Amino acid sequence: MGPLFAPLEGLGRAVIALSLPLAGFAGDVTMSAVKRDIGVKDTSALIPGHGGMLDRADSLTFTAPLYFHLLAFFSLQRF
């Protein structure tokens, strides 16, 4: 799926492949800490047993911006 979602080769693809899982983990842990600090266990009851809709997107808080910037950085070098 790499060539479809990240039209990069070599170093760019390797950097994205290594950094996005770490950013996803960091986003999930950060949002869990924020929820723990404010005393919220579940953000909604829309998906029972899963912590709510916000828990489905926790990892995207760091992953999406990082993906955008890395893709722009490595794509702009080619053009």
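Computed from a predicted model, the values in this text were never measured in an experiment. One is the number of the first residue; the rest follow in order along the sequence.
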Subject >> Heavy-atom pair with the smallest gap, counting every atom of G24 and S59 >> reply: O-CB, 3.3 Å

Original post:
Can you name the closest pair of heavy atoms from F62 and A23 and give their distance?
Top reply: CB-O, 3.4 Å

**OP:** Find the distance between OG1 (T63) and CG (D58) and round it off to the nearest 0.5 Å.
**Re:** 10.5 Å

**OP:** Among V29, V34, D28, find the residue that satisfies the side chain to side chain contact (heavy atoms under 4.5 Å, CB included) test when tested with S32.
**Re:** D28

Subject >> Test side chain to side chain contact (heavy atoms under 4.5 Å, CB included) applied to V15 - qualifying residues, sequence neighbours left out >> reply: L11, S19, L70, F74

Original post:
How many angstroms lie between CG in L66 and CG in L60, if you round to the nearest 0.5 Å?
Top reply: 12.0 Å

Original post:
Quick one: do F25 and M31 end up in the same hydrophobic cluster if we chain Ile, Leu, Val, Met, Phe, Trp and Tyr together by side-chain heavy atoms under 4.5 Å apart?
Top reply: no

Original post:
Which other residues end up in the same hydrophobic cluster as L22, if Ile, Leu, Val, Met, Phe, Trp and Tyr are linked when side-chain heavy atoms come under 4.5 Å apart?
Top reply: none

